[in-house]
Enquirer: 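Mind having a look at this structure? Questions to follow.
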Amino acid sequence: MANIKVGIVGLGRLGKVHAANIAKHTPGAELFAACSFVDEELEFAKNELGVKETFKTYEEMVENSNIDAVVIVSPSGFHPEQIRLAMEKGKHVFSEKPIGLEIGDIKKTIEVIAAHPEKVFMLGFMRRYDESYQYAKKMVDEGKLGELTVVRCYGIDPSSGLESFVKFAGASNSGGLFADMSIHDIDLVRWFTKKEVSRVWAMGKNAAYPELDKVNELETGAAMMQLEDKTMAILVAGRNAAHGYHVETELIGTKGMLRVAAVPEKNLVTVFDEQGVVRPTSQNFPERFSQAFKNEMNEFVACIKEGRQPEVGAIDGLQSTTVAMACQQSVDTNQIVELHVNVKA
Ligand SMILES: NC(=O)c1ccc[n+]([C@@H]2O[C@H](COP(=O)([O-])OP(=O)(O)OC[C@H]3O[C@@H](n4cnc5c(N)ncnc54)[C@H](O)[C@@H]3O)[C@@H](O)[C@H]2O)c1
């Protein structure tokens, strides 16, 4: 089978990572086209990654009949319309999380995806493709922890990224802390437990960075959740980890518990010096999930070649965004929010 020709939209913080992975680390795929508003980003794609066609508008790129698949890494609010347009033009679609920021819009998008079952649709919940999370998932599925009772998640961005985040949030609407950050943890909770969230109580606080108030973003948020079978989930998300990129997950079951990345280790080095005993830490998402981003893109292309759908799809996008929105609503209203567990679009 010929190489799958991919067009990417968005070449920002994550777009550049996906573009390089498609060009260099995804056998069976060719990074054929790129679309961005920014000239330097298109030059980078041409000069550094050998992209043949570049576009200033997404509409033009999806009209190109040479392109088999699009990878959407634009700001979150653009995802639903760009997914629909690509599907309607007969392309396979990989979209970054979240699938969208508005439930009605997401449902409309799911209808379009469902009308094109022969096209692959995949959502970028890359943690499912991380080796440690896969190891943990296998243990849970084999019953090694017994019945899960609690899932605890930390997802905290490094303070070093704050300045660029304020720009990102202000310019392009992240959807807020829960839709932007906790959505990965919400997906993990659903993935590990195979259950839906039925009620949430969330709160937030801005302490160190008043500039976040100006762009209507939370510095730290916390949520307690009850799942449909009474399993509990506790989530903490934030933008202000002094030591690096802190993503940690704990699963407590009736027969045991496990933690993924209790310390956000960069590598196996331990430094013994005048500061004491120091473990270097992972500093950002491209570093921590470097292999997972490659694995998910390989899975997307394998699904296209083998004519199958990936395990993470549009319904996961709808459910996780619904829960993230409920968290935000809980913060805004200071109320517990009940959710109607329903996986139909
Ligand atoms: N999976 C993860 O862990 C992860 C990490 C970071 C970002 N993301 C997601 O990736 C997406 C992009 O985030 P980012 O941090 O790379 O953003 P960014 O702001 O750094 O980059 C956005 C890019 O999109 C381009 N763009 C904006 N609007 C466009 C449009 N209408 N048409 C074409 N191009 C357009 C910009 O020129 C830029 O290249 C977001 O949805 C975000 O939620 C996911």
Side-chain angles (χ1 to χ4, degrees), residues 7-21 33-45 49 51 54-62 70-86 93-102 106 122-130 133 153 155-158 161-188 215 217 237 239 245-247 282-297 300 312 316-317 320-321 324:
I8 191 165
V9 56
L11 289 166
R13 294 187 312 164
L14 181 56
K16 283 198 180 71
V17 175
H18 279 314
N21 285 342
C35 169
S36 167
F37 291 158
V38 184
D39 288 329
E40 298 79 55
E41 292 178 353
L42 295 179
E43 287 303 308
F44 158 82
L49 303 176
V51 163
T54 56
F55 298 90
K56 291 295 274 279
T57 75
Y58 179 74
E59 289 71 15
E60 270 180 274
M61 185 172 84
V62 288
V70 299
V71 168
I72 298 172
V73 207
S74 54
S76 305
F78 292 108
H79 297 174
E81 196 185 341
Q82 290 182 340
I83 294 167
R84 293 196 294 268
L85 208 52
V93 178
F94 174 97
S95 171
E96 255 316 317
K97 50 55 63 172
I99 190 169
L101 296 175
E102 204 266 304
I106 297 173
M122 182 168 176
L123 196 64
F125 282 132
M126 80 295 182
R127 289 190 197 171
R128 295 194 191 200
Y129 298 90
D130 173 78
Y133 280 104
C153 305
I156 312 177
D157 262 347
L162 202 99
E163 203 182 306
S164 84
F165 172 72
V166 170
K167 222 166 75 196
F168 163 74
S172 50
N173 189 2
S174 73
L177 185 66
F178 298 104
D180 191 42
M181 294 283 293
S182 303
I183 199 141
H184 285 293
D185 291 319
I186 295 164
D187 182 60
L188 288 180
V215 289
E217 287 277 354
R239 309 277 184 198
Y245 178 61
H246 194 116
V247 170
S282 178
Q283 289 303 305
N284 48 52
F285 67 83
E287 181 184 26
R288 167 63 182 88
F289 290 107
S290 168
Q291 190 57 45
F293 284 122
K294 295 182 180 87
N295 294 346
E296 72 175 352
M297 208 47 75
F300 177 54
V312 53
D316 299 303
S320 55
T321 306

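Both counts, for ligands and for their atoms, begin at 1 and track the order of listing. Starting from 1, each residue takes its place in the sequence as its number.
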Enquirer: Applying a strict 4.0 Å limit to heavy atoms, is His79 in contact with ligand 1?
Expert: yes
Enquirer: For Phe285, enumerate each residue passing the ring-ring contact (aromatic ring centres under 6.0 Å, His included) test, keeping only those at least two apart in sequence or located in another chain.
Expert: none
Enquirer: Please report the shortest heavy-atom distance between His184 and Gly124, naming the atom on each side.
Expert: CE1-O, 4.1 Å
Enquirer: If you compare all heavy atoms of Ala45 against all heavy atoms of Leu11, which two are closest, and at what distance to 0.1 Å?
Expert: CB-CD1, 4.0 Å
Enquirer: Which pair of heavy atoms, one from Val70 and one from Ala86, lies closest together, and at what distance?
Expert: CG2-CB, 3.5 Å
Enquirer: Of the backbone atoms (N, CA, C, O) and the side-chain heavy atoms from C-beta on, which set of Lys97 has a member under 4.0 Å from an atom of ligand 1: side chain, backbone, both, or neither?
Expert: both
Enquirer: Is ligand 1 under 4.0 Å from a heavy atom in the side chain of Phe285, in the backbone, in both, or in neither?
Expert: side chain
Enquirer: Consider ligand 1: state whether an atom of it lies below 4.0 angstrom from any non-hydrogen atom of Lys16.
Expert: no
Enquirer: If every non-hydrogen atom of Leu101 is compared with every non-hydrogen atom of Gly175, which pair is closest and at what distance?
Expert: CD2-CA, 3.6 Å
Enquirer: State, to 0.1 Å, how close Met61 and Ala34 come at their nearest heavy-atom pair, and which atoms those are.
Expert: SD-C, 4.0 Å
Enquirer: Side chain or backbone of Leu14 under 4.0 Å from ligand 1, or both, or neither, by non-hydrogen atoms?
Expert: both
Enquirer: Could you list the atoms of ligand 1 found under 4.0 angstrom from a heavy atom of His184?
Expert: 1 (N), 2 (C), 3 (O)
Enquirer: State the atoms of ligand 1, each with its element, that fall below the 4.0 Å cut-off from a heavy-atom position in Gly124.
Expert: 1 (N)
Enquirer: Does Asp180 form a salt bridge (charged side-chain N to carboxylate O under 4.0 Å, His left out) with Arg239? I'd like the steps, not just the answer.
Expert: CA-CA 11 Å; Asp180 191 42; Arg239 309 277 184 198; 3.2 Å; yes
Enquirer: Taking only heavy atoms of Val38 into account, list the atoms of ligand 1 that are under 4.0 Å away from them.
Expert: 37 (O)
Enquirer: Going by the order shown, which atoms of ligand 1 are within less than 4.0 Å of some heavy atom of Val73?
Expert: 10 (O), 11 (C), 12 (C)
Enquirer: Would you tell me which option among Phe289, Phe55, Phe37 has the nearest heavy-atom contact to atom 30 (C) of ligand 1?
Expert: Phe37
Enquirer: Could you tell me which atoms of ligand 1, counted from 1 in the order shown, lie closer than 4.0 angstrom to a heavy atom of Val9?
Expert: 32 (N), 33 (C), 34 (N)
Enquirer: Looking at residues at least two apart in the chain, or sitting in another chain, which of them share a side-chain contact (heavy atoms from CB on, under 4.5 Å) with Ala292?
Expert: Met126, Asp130, Phe289
Enquirer: Taking 4.0 Å as the limit for heavy-atom contacts, which would you say applies to Asp180 with ligand 1: side chain only, backbone only, both, or neither?
Expert: side chain
Enquirer: Report the part of Arg13 in contact with ligand 1, treating N, CA, C, O as backbone and CB onward as side chain, heavy atoms under 4.0 Å; options are side chain, backbone, both, neither.
Expert: both
Enquirer: Quick one: closest heavy-atom pair of Tyr133 and Arg288, and the distance?
Expert: CE1-NH2, 3.9 Å
Enquirer: What atoms of ligand 1 come within less than 4.0 Å of a heavy atom belonging to Gly10?
Expert: 23 (C), 24 (O), 25 (C), 39 (O)
